[in-house]
Amino acid sequence: MTRHIRAAAVLCALLLIALLVNAARVQLVRAAAYDDNPANRRPAIARYGQPRGDILVGGKPVTGSTDTRQLLRYERTYTDGPLYAPVTGFASQVYGSTLLEAAQDGVLSGTDPMLAPLPLWHDLTRSRSHGGEVVTTIDPAAQRAAYEGLAGRPGAVAAIQPSTGRILALVSAPSYDPGELSGTSGAVERAWRRLNGDVSRPMLNRAIRQTYPPGSTFKVVTAAAALDAGVITDLDAPTESPDPYTLPTTTTRLTNEVEGCADASLRYAFEWSCNTVFAKLGVDVGLRQLRDTATDFGFNDTGLRVPFAVAPSTFDRQLDAPQLALSSIGQFDTRATPLQMAMIAGAVAGGGTVKVPYLVERTTTSSGTTVSSTAPRTLHQAMHPATAQRLRELMTDVVTEGTGTNAAVPGATVGGKTGTAQHGIGNSGTPYAWFISWAQADDAAEPAVAVAVVVEDAAGDRGEISGGGDAAPIAKGVMEAVLKSTARDGN
């Protein structure tokens with residue numbers, strides 16, 4: 001009898017050991033596989049079992065959470081959803097998350113180890129911290145000015161602080177309400193189908209994910225390359241540029257929309273946007289110099305994040321002479337995001353330095369303790385400081401007496417460059433209206449803001465569409481908003 005009891009005890013001990021080994025295997029070795037199993041709903045239940053942290057603009061939350069008392073308990077809510085959608089993105093229980101909701105998900109959902117005073121305890125208990133907060137760099141007044149300026153017309157606005165790279169406005173139109181994608185009801189699926197089927201693509205973030213031919217706004221890059229290379233040494237000297245200009249090795253003649261471009265100086269050509277002068281100037285500068293200058297401004301950068309990814313702006317690395325001439329005036333295959341063009345204006349305003357743009361000032365715990373912060377960084381020195389100073393002079397002339405007078409702001413020095421970009425098969429599409437600019441209050445030590453505006457579907461007859469008429473007033477509104485905010489806050 002004792003022998004049988006002993007055998008049973010050994011068997012029970014072996015079974016207990018096997019059970020403990022299997023529990024350890026499930027809890028430790030196989031935990032990740034079970035977590036990632038689509039049939040496992042526990043991570044989703046835990047994820048939505050507590051309120052999500054907030055995204056802040058101007059110190060106030062533009063997001064929230066509502067208790068549904070359902071299995072996936074808390075749904076995301078948005079204040080002024082269409083206004084801030086290009087910043088926040090959406091957090092959907094069905095379709096995942098985008099933009100800041102995705103890039104800062106660890107902080108917002110409470111899974112970031114930096115939120116926990118004892119991270120190991122959370123690992124052992126499979127618990128999570130309260131969702132943290134993401135403090136953005138957005139100026140709410142500038143954001144609203146850009147949104148209301150576009151008034152629903154397809155297009156985008158990006159504004160940055162030249163000295164730091166802080167993104168002050170990021171607007172895309174038409175927009176959408178990300179709150180429509182929160183929850184699990186049939187309405188969410190219907191909203192998803194409607195938004196994705198909309199030909200106007202409201203969920204496309206045109207400010208950072210859409211590239212456009214920049215048109216004449218790219219002439220800032222061409223002028224910088226010419227001045228740095230010494231091809232132009234005197235802003236007021238004749239450039240020996242014919243009007244019309246025959247593209248090299250072709251019979252194609254390039255013309256202008258204004259008079260006086262034949263043999264015009266760089267100052268006049270920049271002020272009145274002479275295509276012939278800049279096309280010839282690009283050829284004179286050469287592909288290598290112009291390509292390198294474009295790269296220093298940020299073109300062809302596939303790794304830019306703000307913190308979510310930005311579509312790369314492109315300047316072709318291999319071009320023949322006619323293609324180079326057209327690329328020098330922002331046509332052919334040259335493409336840029338509005339954020340990239342704001343970076344160009346910011347480099348002129350900032351002494352030739354291109355700052356890395358960023359959207360998150362800092363992240364904090366739910367109680368406000370700082371978890372991480374963003375420090376300004378330099379991306380490239382795009383041009384010599386003296387060249388930047390001369391370009392500031394040229395851009396100021398555009399606003400005081402050239403094609404950009406609609407952007408003038410009382411009490412401030414404003415520099416700008418207009419652009420009208422052709423596109424479509426045989427240039428059949430409605431031209432894009434561009435304006436890039438910067439502004440410095442008369443009593444300030446440095447420029448406060450650099451702005452880029454593109455309007456895809458400008459109103460009016462084709463021949464009347466212009467960056468100065470359609471995009472410059474929007475830029476003016478954004479610059480005025482930032483200057484007022486800066487004056488009020490004293491920075």
Side-chain angles (χ1 to χ4, degrees), residues 41 43-112 115 128-141 143-144 146-148 152 167 169-196 198 202-205 207 307-308 359-368 371:
R41 300 202 67 194
I45 294 171
R47 177 184 179 87
Y48 299 108
Q50 65 179 29
R52 191 168 172 82
D54 284 322
I55 297 172
L56 275 60
V57 173
K60 298 179 180 179
V62 296
T63 59
S65 297
T66 184
D67 189 351
T68 66
R69 305 293 181 181
Q70 303 297 318
L71 185 63
L72 302 182
R73 185 168 176 178
Y74 287 93
E75 292 179 4
R76 195 57 150 167
T77 61
Y78 296 88
T79 303
D80 289 322
L83 174 63
Y84 292 111
V87 176
T88 63
F90 62 79
S92 171
Q93 294 166 323
V94 179
Y95 299 107
S97 55
T98 60
L99 303 182
L100 276 187
E101 293 278 29
Q104 296 293 330
D105 182 68
V107 171
L108 296 169
S109 66
T111 59
D112 190 323
L115 295 173
R128 64 178 66 197
S129 303
H130 293 294
E133 294 183 337
V134 175
V135 181
T136 72
T137 59
I138 294 292
D139 180 321
Q143 184 81 0
R144 188 167 295 278
Y147 183 78
E148 293 178 352
I167 297 175
L170 205 64
V171 170
S172 177
S175 191
Y176 71 103
D177 184 358
E180 289 188 280
L181 301 177
S182 298
T184 57
S185 68
V188 172
E189 183 180 353
R190 291 191 294 274
W192 179 260
R193 288 200 306 267
R194 172 173 51 81
L195 291 170
N196 280 283
D198 192 330
M203 289 199 295
L204 171 65
N205 192 335
F308 41 82
L359 188 57
V360 176
E361 193 77 68
R362 65 184 184 277
T363 61
T364 73
T365 64
S366 58
S367 61
V371 173

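All figures in this text were calculated on a predicted structure; none of them were measured in a lab.
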Verify side-chain contact (heavy atoms from CB on, under 4.5 Å) between Asp105 and Arg52, making sure each step is shown before the conclusion. CA-CA 9 Å; Asp105 182 68; Arg52 191 168 172 82; 2.9 Å; yes
* To do: Please step through side-chain contact (heavy atoms from CB on, under 4.5 Å) for the pair Ile55 and Glu101, ending with a clear verdict.
  => CA-CA 8 Å; Ile55 297 172; Glu101 293 278 29; 4.0 Å; yes
Before giving the answer on side-chain contact (heavy atoms from CB on, under 4.5 Å), spell out for Tyr74 and Thr66 the whole-Å C-alpha distance, their side-chain angles and the decisive distance to 0.1 Å. CA-CA 5 Å; Tyr74 287 93; Thr66 184; over 6 Å; no
Between Arg144 and Asp139, is the side-chain contact (heavy atoms from CB on, under 4.5 Å) condition met? List the steps.
CA-CA 9 Å; Arg144 188 167 295 278; Asp139 180 321; over 6 Å; no
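For Asp177, there are no salt bridge (Lys or Arg N to Asp or Glu O under 4.0 Å) partners, not counting sequence neighbours. Scanning for side-chain contact (heavy atoms from CB on, under 4.5 Å) contacts around Arg362 gives Val135, Thr364, Thr370, Ser373, with sequence neighbours left out. For Arg194, the salt bridge (Lys or Arg N to Asp or Glu O under 4.0 Å) partners at least two apart in sequence or on another chain are Glu180. For Asp198, the salt bridge (Lys or Arg N to Asp or Glu O under 4.0 Å) criterion is met by no residue, not counting sequence neighbours. For Ser366, the side-chain contact (heavy atoms from CB on, under 4.5 Å) partners two or more places apart in sequence, or in a different chain, are His130. Annotation: side-chain contact (heavy atoms from CB on, under 4.5 Å) contacts of Pro307 (sequence neighbours excluded): Leu100, Ala103, Gln104, Leu359, Val360.
Of the possible donor and acceptor atoms, one in the side chain of Thr77 sits under 3.5 Å from a partner among the backbone N and O of Gly64. Between the side chain of Gln143 and the backbone N or O of Leu170 there is at least one donor-acceptor pair closer than 3.5 Å. Formation of a donor-acceptor pair under 3.5 Å by the Thr365 side chain with backbone atoms of Leu115 is not found in this model. Side-chain atoms of Ser65 do not come within 3.5 Å of backbone N or O of Pro51 as any donor-acceptor pair. Judged by distance alone, the side chain of Thr137 and the main-chain N or O of Ile167 form a donor-acceptor pair under 3.5 Å. Side-chain atoms of Ser172 come within 3.5 Å of backbone atoms of Leu204 as a donor-acceptor pair (strictly under, hydrogens ignored). Looking only at distances, a side-chain donor or acceptor of Ser182 sits under 3.5 Å from a matching main-chain atom of Arg76.
With respect to Lys60 and Asp54, no salt bridge is recorded, no charged nitrogen being found less than 4.0 Å from a carboxylate O.
To the nearest 0.5 Å, atoms CG (Asn205) and OG1 (Thr98) are separated by 9.0 Å. Atom CD of Glu75 sits about 7.0 Å away from atom OG of Ser185, to the nearest 0.5 Å. To the nearest 0.5 Å, atom OH of residue Tyr147 and atom CG of residue Leu83 are 6.5 Å apart. Within the model, atoms CD of Glu189 and OG1 of Thr184 stand 11.5 Å from one another, a figure rounded to the nearest 0.5 Å. We find the CZ-OH distance between Phe90 and Tyr95 to be 9.5 Å, quoted to the nearest 0.5 Å. Expressed to the nearest 0.5 Å, how far OH of Tyr84 lies from CD1 of Ile138 amounts to 8.0 Å.
In terms of heavy atoms, Ser109 sits closest to Thr111 at OG-OG1, 3.2 Å. Shortest non-hydrogen contact noted between Ser97 and Ala91 is CB-CA, 4.0 Å. Shortest non-hydrogen contact noted between Pro82 and Ser175 is O-OG, 2.7 Å. Of all heavy-atom pairs spanning Ser92 and Leu181, the tightest one is OG-O, 2.7 Å. Counting all heavy atoms, side chain and backbone alike, Tyr78 lies closest to Gly179 at CD1-N, 3.4 Å.
Contact check for Val107 versus Val134: side-chain heavy atoms found under the 4.5 Å cut-off. Two residues are said to be in side-chain contact when any heavy atoms from C-beta on lie closer than 4.5 Å; Thr88 and Leu99 fail this criterion.
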